[in-house]
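To start, the structure itself, in structure tokens.
Since the structure is predicted, the reported quantities are computational estimates derived from the model, not experimental observations.
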Amino acid sequence: MVLVSTVSLTHPASTTLSSQKIGNGSCNNARKPMTISMSLGNNKKAGMGVVGTGERLYLGLDFGTSGARFAIIDVGGKIQAEAKKEYPLYSSGESYDWVQSWKETLFLLLQDIPLELRKHIVSISIDGTSATTLIVHSDTGEPLSRPFLYNESCPDALPMVKSIAPPNHTVCSGSSTLCKLISWWNNAGSNQKSALLLHQADWLLWLLHGKLGVSDYNNALKVGYDPEVDSYPSWLVCQPYSHLLPSVVAPGTPIASLKEEIRNKFGFQRDCIVCTGTTDSIAAFLAARATQPGKAVTSLGSTLAIKLLSNTRIEDSRFGVYSHRLDDKWLVGGASNTGGAVLRQLFTDDQLDKLSEQINPSEVSLLDYYPLPKVGERFPVADPNLAPRLVPRPESDVEYLHGILESIARIEAKAYGLLKELGATEVDEVFTAGGGAKNEKWTKIRERVLGLPVIRANQTEAAYGAALLAIKGDQVNTL
């Protein structure tokens with residue numbers, strides 16, 4: 001089968017919805033999901049040819065904030081097919097049933113995979129949004145309450161978390177998984193005898209393999225799992241809700257074969273396995289193929305997020321800095337509130353393109369700003385009262401934009417400097433992703449300010465990173 005076609009369907013962009021409560025009753029008025037795009041590998045552009053009889057392919061699925069996508073790759077990392085869908089919104093009044101949306105989207109994406117490719121898929125993995133939490137029945141897997149979304153905060157549980165966790169631990173944040181678990185436990189859970197905590201990716205993978213109670217150490221970090229010693233800490237295990245915690249293994253670990261009924265329905269091969277997943281941000285880092293300590297990925301989206309591969313683990317909740325384990329290395333991360341959101345408050349996309357063309361990136365801007373969309377900063381300055389600084393504004397819009405882009409680059413440099421001060425491996429090369437990565441003048445400014453090579457990552461989609469985990473699972477499979 002020669003994969004040479006590309007299909008693009010135009011639909012309205014999906015809407016990102018804030019966290020809202022979900023009704024427990026029946027849902028109706030579902031808005032059906034739409035396939036935003038579907039593309040098959042082009043043998044001229046991507047170097048792909050015929051999928052042979054013995055070809056082994058790998059499926060990664062990414063469940064983001066407003067939609068999901070899949071990527072299918074071969075063992076060499078070449079993309080054979082990819083597609084994305086909006087989540088269908090099951091509404092009941094002003095509520096949304098996210099669990100039903102995620103479940104339906106999963107199976108619709110499987111259905112979208114060309115049948116000829118399904119026959120060659122030997123391994124599957126899924127990433128989900130970090131700290132999106134489900135409490136399910138430990139026998140049936142059915143949710144016992146609405147899910148807690150990634151951006152939800154449970155401040156009611158924070159004092160209890162701080163009383164049991166070490167100072168500045170990752171869980172000492174209102175949006176941590178542990179805060180969500182304790183909030184549920186205090187309000188309803190202590191009466192539940194058969195309950196289990198799962199993360200979004202864990203639950204979706206369970207739908208495919210059928211073994212409840214398995215997670216990975218990336219998703220489990222924010223519930224308190226210690227990936228350095230591969231166990232839950234004693235201060236957590238002694239709590240009355242510790243029996244809800246899932247077992248934890250490395251991302252990309254084979255769990256079980258794909259369930260027989262799913263195999264038969266969709267035409268997957270008999271030995272197709274399902275592997276543990278990871279979080280969306282980790283999967284996006286994996287996609288960039290930054291594999292050596294000192295390599296980093298800066299994501300320039302609405303905010304500025306950095307992740308650095310380090311030999312040393314560092315944790316400091318005061319700056320929102322924590323480390324995910326990646327095999328025998330550590331992925332150190334932090335996120336600033338500066339970024340594309342503040343640029344869009346000041347300029348249209350067209351203005352950004354035209355003004356950027358006129359910037360001389362080799363010239364140093366003397367303007368000193370701290371571009372923020374609103375009051376408050378997390379990293380590298382931890383100050384909830386830090387006000388945006390975007391004055392004085394020169395008469396020239398080109399000069400103004402130059403000053404803002406350079407100021408954001410200085411924040412990026414300060415962020416990497418802070419990670420070094422905290423003990424992380426020093427950065428020596430930066431891969432860049434997100435919308436800001438397309439601005440070549442900004443990239444040159446950042447190279448000058450950072451004093452480092454800045455390279456646009458070839459792959460940044462989390463689904464691609466999840467597919468790489470599927471390859472890892474196939475290589476270590478002993479099922």
Any donor-acceptor N/O pair, Arg69 side chain to Ala463 backbone, under 3.5 Å: no

Heavy-atom closest contact (Asp280 atom, Ala462 atom, distance): O-CB, 3.6 Å

Counterpart residues, salt bridge (Lys or Arg N to Asp or Glu O under 4.0 Å), relative to Arg325 (two or more places apart): Asp230

Sequence-distant partners of Lys441, salt bridge (Lys or Arg N to Asp or Glu O under 4.0 Å), two or more places apart: none

Parallel, tilted or perpendicular, as decided by the 30° and 60° cut-offs, for the rings of Tyr87 and Trp98: perpendicular

Close side-chain approach of Val476 and Pro254, heavy atoms under 4.5 Å: yes

Residues that Ser310 engages under side-chain hydrogen bond (donor to acceptor under 3.5 Å, both in side chains), provided they are two or more places apart: Thr425

Residue pairs passing the side chain to side chain donor-acceptor pair (under 3.5 Å) test where at least one lies in residues 257-277, sequence neighbours excluded: none

Test side-chain hydrogen bond (donor to acceptor under 3.5 Å, both in side chains) applied to Asn219 - qualifying residues, sequence neighbours left out: Asp216

Heavy-atom closest pair, residues Phe107 and Leu208: CE2-CD2, 4.4 Å

Nearest-0.5 Å distance that lies between atom CD1 in Ile113 and atom CD1 in Ile72: 4.0 Å

Side chain to side chain contact (heavy atoms under 4.5 Å, CB included) between Leu469 and Asp127, intermediate numbers included: CA-CA 10 Å; Leu469 280 181; Asp127 73 78; over 6 Å; no

Under-4.0 Å salt bridge between Arg344 and Asp349: yes

Heavy-atom side-chain contact between Leu212 and Thr140 under 4.5 Å: no

CG on Leu178 to CD1 on Ile182, rounded to 0.5 Å: 4.0 Å

Sidechain-backbone polar pair: Arg448 side chain, Pro361 backbone, donor-acceptor under 3.5 Å: yes

Straight-line distance of Arg313 CZ to Leu422 CG, nearest 0.5 Å: 14.0 Å

Sequence-distant partners of Lys211, side chain to side chain contact (heavy atoms under 4.5 Å, CB included), two or more places apart: His209, Ile255, Ala256

Residue pair Val332 / Ala424: nearest heavy atoms and the distance that separates them: CG2-CB, 4.4 Å

Electrostatic pair Glu461-Lys84, nearest N-O below 4.0 angstrom: no

Main-chain N/O of Gln239 paired to Ser242 side chain as donor or acceptor, under 3.5 Å: yes

Any side-chain heavy-atom pair of Trp442 and Ile408 under 4.5 Å: yes

Distance in Å, Thr133 OG1 paired with Lys180 NZ, rounded so as to fall on 0.5 Å steps: 5.0 Å

Ile124 vs Leu258 side-chain heavy atoms within contact, under 4.5 Å: yes

Side chain to side chain, Ile306 and Leu419, heavy atoms closer than 4.5 Å: yes

Leu352 vs Asn439, side chain to side chain contact (heavy atoms under 4.5 Å, CB included): CA-CA, chis, key distance, verdict: CA-CA 9 Å; Leu352 286 171; Asn439 189 319; 5.7 Å; no

For Ala409, side chain to side chain contact (heavy atoms under 4.5 Å, CB included) partners two or more places apart: Ile445, Arg446, Val449

Side chain Lys329, main chain Pro293, donor-acceptor under 3.5 Å: no

Backbone N/O of Cys275 and side chain of Lys472: donor-acceptor pair under 3.5 Å: no

Side chain to side chain contact (heavy atoms under 4.5 Å, CB included) assessment of Val122 paired with Asn477: CA-CA 11 Å; Val122 297; Asn477 181 28; over 6 Å; no

Side chain Tyr232, main chain Asp226, donor-acceptor under 3.5 Å: no

Distance, nearest 0.5 Å, that separates CD of Glu152 from OH of Tyr150: 10.0 Å

Residue pairs passing the side chain to side chain donor-acceptor pair (under 3.5 Å) test where at least one lies in residues 285-302, sequence neighbours excluded: Arg289-Tyr464, Lys295-Asp428, Lys295-Glu429, Thr298-Glu412, Thr298-Tyr416

Minimum side-chain heavy-atom gap Ser101-Tyr96 below 4.5 Å: no

Note, Thr460 side chain near Phe431 side chain (heavy atom, < 4.5 Å): no

Pro246 versus Leu198, closest heavy-atom pair with distance: CB-CD2, 4.4 Å

Partner residues of His137 under the ring-ring contact (aromatic ring centres under 6.0 Å, His included) criterion, sequence neighbours left out: none

Side chain to side chain donor-acceptor pair (under 3.5 Å) partners of residues 195-208, not counting sequence neighbours, each pair once: Thr129-Gln200, His199-Asp202, His199-Ser215, Asp202-Ser215

Thr132 backbone acceptor or donor facing Lys222 side chain under 3.5 Å: no

Check against side chain to side chain contact (heavy atoms under 4.5 Å, CB included), Phe285 and Thr278: CA-CA 11 Å; Phe285 182 90; Thr278 186; over 6 Å; no

Test side-chain contact (heavy atoms from CB on, under 4.5 Å) applied to Tyr241 and Leu181, Leu197, Ile135, the passing residue: Leu181

Ring pair (Phe, Tyr, Trp, His ring centres under 6.0 Å) partners of residues 286-332, not counting sequence neighbours, each pair once: Tyr322-His324

Under 3.5 Å side-chain donor-acceptor pair for Ser336 and Glu377: yes

Value rounded to 0.5 Å, distance of CD1 in Ile126 from CH2 in Trp102: 12.5 Å

Expected output: side-chain Tyr58 to main-chain Ser125 donor-acceptor under 3.5 Å: no

Check: Ser323 and Glu315 side chains under 4.5 Å, non-hydrogen atoms: yes

Shortest non-hydrogen separation from Ala288 to Ala457 and the atoms involved: CB-CB, 4.0 Å

Set of residues satisfying side chain to side chain contact (heavy atoms under 4.5 Å, CB included) with respect to Ser175, sequence neighbours excluded: Ser173

Shortest non-hydrogen separation from Pro251 to Asn218 and the atoms involved: CG-OD1, 3.2 Å

